[in-house]
Amino acid sequence: MSKIMAINAGSSSLKFQIIVMPEEEVLSIGLVERIGLPGSRLEIEYGDDQEFELVEDIPTHDRAVELLFEHLGSLKVIENFDEIAGVGHRVVAGGEIFKDSALVTDEVIQQVDDLGEFAPLHNYAEATVMRAFKERLPEVPMAAIFDTSFHTTMPAVNYVYSLPYEYYEDFAARKYGAHGTSHRYVANRAAEMLGKPVEELKIITCHLGNGGSITAVEYGKSIDTSMGFTPLAGITMGTRTGDIDASLIPFLMEKLNITNVQEIIDIFNKKSGLLGISGVSSDMRDVESAAEEGNERAQLALDIFYNRVQKYIGQYVALMNGVDAIVFTAGIGENSAITRKIIMDGLTFFGGTIDEVKNDTRKEAIVSTDDSTVAILNVPTNEEVEIAREVIRLSK
Ligand code: ADP
């Protein structure tokens, strides 16, 4: 039995799970949130529904890691840190360097730090957290698992933007995508559920959470994905615009009297999407409820969300010249049967039909009718287990 820690650090948060492998059982789960902000806190769930909460000033990620170790020890979630067989760190931007997960060395940490300009809200924090773990657990194998690495199989025709080519050559300005760990996990799981090798299938994976992206997985490899240089591109998300015309940037800056371009990018990232259109919330459940109560902007937000997902699925059917399976995952994809139904009911032309009874689930299931020529699946994602598997694979 080995205990693996799966770590997911963001600019002001640090989420963790301790997973027992190979059983893939979650022993403890928790987070530190609002790091460096007022109201920071640590929460640890463990044992039989036991919960621990600490509210105190947590000014830095270093301090967050220190507190986490202290309390995992005092709560006896981990009695002796020798029990930890490995640590996996989720990293948002791996650029063109990391085509696979990597064992964490000082050099890797430096490279993650250097890639910070591609994901400023994440990579710097992730590098800091990796250093903090390495100091405390110098002998334990540690792996970095990149959101982008699954997409490094994309061909140039899908990752090069129609810009002067030198910008790609000189600045690595290209599409990278994100959510790779999730897309890989659900594509492989879908193939297992269908009883076919992933290398023989054309799969479209729809990760619909607060952030969302769609990926064309051809014969086990990502060949295109809807997020772009950053996670801003693609479908309509909780607070992100998805694809828009870049000419809106100077136009809106002038109208809104904004001089700092970062402010408009913040609006595109944090105030747009479902939240911006509906004016109600970024949370799909709130938007659905408001629409049910007759809020027209909420209904429009839903319609735009379904429409963007459908258009990406259509693109990827065209790109792969066919599709064998469509997979839904993440908060909205896994839990909202109505979202899956509305999206797929508009796309029956290529042979995928939802079975309403089978679709009434939040669990792993094939939700298409028996005579559907394209399989439709609900596959709850599990990025932490995928991270733990990667740690085991790399440490062997
Ligand atoms: P994150 O990208 O933050 O990890 P999640 O994958 O947890 O996000 O997805 C969060 C989204 O899932 C929210 O919009 C939430 O409303 C939505 N969601 C969760 N449960 C349901 C549900 N039963 N019906 C509709 N949407 C849901």
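Whatever order the structure lists them in is the order used to number ligands and atoms, beginning at 1.
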Do the two ring centres, one from Tyr159 and one from Tyr176, sit under 6.0 Å apart? no
Decide, yes or no, whether a salt bridge links Arg393 with Glu390 under the criterion of side-chain N to carboxylate O below 4.0 Å. yes
May I ask you to identify the nearest protein heavy atom to [atom], giving residue, atom name and distance to one decimal place in Å?
| atom | value |
| --- | --- |
| atom 16 (O) of ligand 1 | Asp283 OD1, 2.5 Å |
| atom 22 (C) of ligand 1 | Asn335 CB, 3.5 Å |
| atom 18 (N) of ligand 1 | Gly331 O, 3.5 Å |
| atom 14 (O) of ligand 1 | Met284 N, 2.9 Å |
| atom 11 (C) of ligand 1 | Ile332 CG1, 3.8 Å |
| atom 25 (C) of ligand 1 | Ser336 CB, 3.6 Å |

Does anything in residues 362-378 form a salt bridge (charged side-chain N to carboxylate O under 4.0 Å, His left out)? List the pairs, not counting sequence neighbours. Arg189-Glu364, Lys358-Asp370
Do Arg308 and Tyr312 meet the cation-pi criteria used here (NZ or CZ under 6.0 Å from the six-membered ring centre, within 45° of the axis)? no
Determine yes or no for a side-chain-to-main-chain donor-acceptor pair under 3.5 angstrom, with Arg136 supplying the side chain and Phe69 the backbone. no
Does Arg131 reach the main-chain N or O of Asp106 with its side chain, forming a donor-acceptor pair under 3.5 Å? no
Testing the 3.5 Å rule here: is there a donor-acceptor pair between the side chains of His207 and Thr215? no
Compare Leu274, Asn8, Leu208, Asn210 and give the one whose heavy atom is closest to atom 3 (O) of ligand 1. Asn210
Hey, is Gly211 one of the residues with a heavy atom under 4.0 angstrom from ligand 1? yes
For ligand 1, is there an atom lying under 4.0 Å from some heavy atom of Arg362? yes
